[in-house]
There are 2 protein chains.
Amino acid sequence: MRERKKQYFHPIEVTLDVVCGKWKGVILCLLQEKDYRFGELKDQLYSVTPKVLTQQLRELEEDGLIKRTVYAQVPPKVVYSLTPYGKDLEGTLRMMEKWGQAHQEKVGVNFNEEVSEAELS
Amino acid sequence: MRERKKQYFHPIEVTLDVVCGKWKGVILCLLQEKDYRFGELKDQLYSVTPKVLTQQLRELEEDGLIKRTVYAQVPPKVVYSLTPYGKDLEGTLRMMEKWGQAHQEKVGVNFNEEVSEAELS
DNA sequence: CAGGATCCACTTGGATACTG
DNA sequence: CAGTATCCAAGTGGATCCTG
């Protein structure tokens with residue numbers, strides 16, 4: 001578990017504290033559907049650097065939301081999956097997703113739906 | 001509306017972007033129940049400074065979640081309330097609250113349930 | 001392949017003091 | 001009462017390069 005030094009005044013702070021990292025929300029959403037290898041996650045979040053991705057994953061792991069499985073082989077293979085505990089967040093994540101979608105449509109937030117051809121090569 | 005420069009890759013990022021400020025979650029939860037004056041909010045979040053509280057409130061306002069009503073009187077009175085749009089977050093907030101509570105009980109997160117006597121005086 | 005190590009820029013929030 | 005104005009420390013994420 002991640003060492004939490006701070007004192008909370010409201011339960012929602014706990015959830016936000018666990019979910020509010022630059023990439024944590026998306027990572028958790030992705031993992032709801034299937035397990036991912038490190039490199040696969042990196043591709044999905046394509047602008048993330050390995051260092052930061054590792055950070056985010058470690059914190060999620062320390063908070064008990066995801067599990068890291070290492071396959072002893074060369075080249076290495078590491079798979080990230082949700083713990084049962086992490087799966088409990090699914091309903092919440094879906095609602096946040098839905099609200100975000102509504103907000104997006106309302107406000108006209110820009111999404112990157114496609115990566116440019118140059119970046120795909 | 002707050003100017004969002006960033007590009008989103010997933011709807012949940014929008015929600016997180018709007019809700020992930022140090023005090024935003026709690027503020028929104030409080031406002032679900034009743035309207036609050038600036039000073040009342042400051043008391044509830046008692047360690048927040050006026051500057052930061054103002055920042056958080058302004059951003060929530062720019063994102064269309066809360067409304068700021070100024071009463072032309074001396075001394076000034078400013079009331080913050082949820083917009084209908086902000087109320088749409090209620091279900092989501094409740095779920096986050098509930099999960100946070102469970103996480104708290106599981107992990108043993110420390111809550112400040114009471115303020116010390118010294119600070120109350 | 002899945003990272004670790006360094007160094008660095010920027011953002012966020014807090015301390016303190018002041019005001020219409 | 002409800003903020004502003006300044007200044008500043010810490011945190012957070014990114015760039016770049018290296019490795020078992």
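Quick note on labels: first sequence line is chain A, next is B, and so on, each numbered from 1.
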How long is the line joining [atom1] of [X] and [atom2] of [N], in whole Å?
X       : N      : atom1 : atom2 : answer
B/Glu59 : D/dG3  : CD    : P     : 15 Å
B/Tyr46 : C/dG14 : OH    : C1'   : 15 Å
B/Asp43 : D/dG3  : CG    : P     : 14 Å
B/Asp17 : C/dT12 : CG    : P     : 9 Å
A/Leu57 : D/dT12 : CG    : P     : 16 Å
B/Leu53 : C/dG14 : CG    : C1'   : 13 Å
A/Lys22 : C/dT12 : NZ    : C1'   : 14 Å
A/Ile27 : C/dA2  : CD1   : P     : 14 Å

**Study point:** Sidechain N-carboxylate O distance under 4.0 Å for A/Arg94, A/Glu97
**Key:**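 The answer is yes: the pair qualifies as a salt bridge.
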Review point. Can you check salt bridge (Lys or Arg N to Asp or Glu O under 4.0 Å) on A/Lys67 and A/Glu61, steps first, answer last?
Key: CA-CA 6 Å; A/Lys67 196 181 65 175; A/Glu61 195 187 356; over 6 Å; no
Looking at [N], I'd like to know if its phosphate oxygens (OP1 or OP2) sit under 4.0 Å from a side-chain N or O belonging to [X].
X       : N      : answer
B/Arg58 : D/dG3  : yes
B/Gln55 : D/dG3  : no
B/Gln56 : C/dG13 : yes
B/Arg68 : D/dG3  : yes
A/Arg37 : C/dC1  : no
A/Trp23 : D/dT12 : no

Which nucleotide in [options] has an atom nearest any side-chain atom of [X]:
X       : options               : result
B/Thr49 : C/dA2, C/dG14, D/dA2  : C/dG14
B/Pro50 : C/dA2, D/dT4, C/dG13  : D/dT4
B/Lys51 : C/dG13, D/dA2, D/dG14 : C/dG13

Does [X] reach a base, just sugar-phosphate, or nothing at all? Heavy atoms under 4.0 Å.
X       : value
B/Lys77 : sugar-phosphate
A/Val52 : base
B/Tyr80 : sugar-phosphate

Point to revise | Cation-pi geometry met for B/Lys42 and B/Tyr46 (6.0 Å, 45°) | key: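 B/Lys42 over B/Tyr46 ring: no.
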Check your understanding: Closest nucleotide of DNA chain C for B/Gly21 versus for A/Pro76: which of these residues is on the 5' side?
Key ->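 Between the two, 5'-proximity favours A/Pro76.
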Practice item. Take the angle between the ring planes of A/Tyr80 and A/Phe38 and call it parallel below 30°, perpendicular above 60°, tilted in between. Key: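 A/Tyr80 vs A/Phe38 ring planes: tilted.
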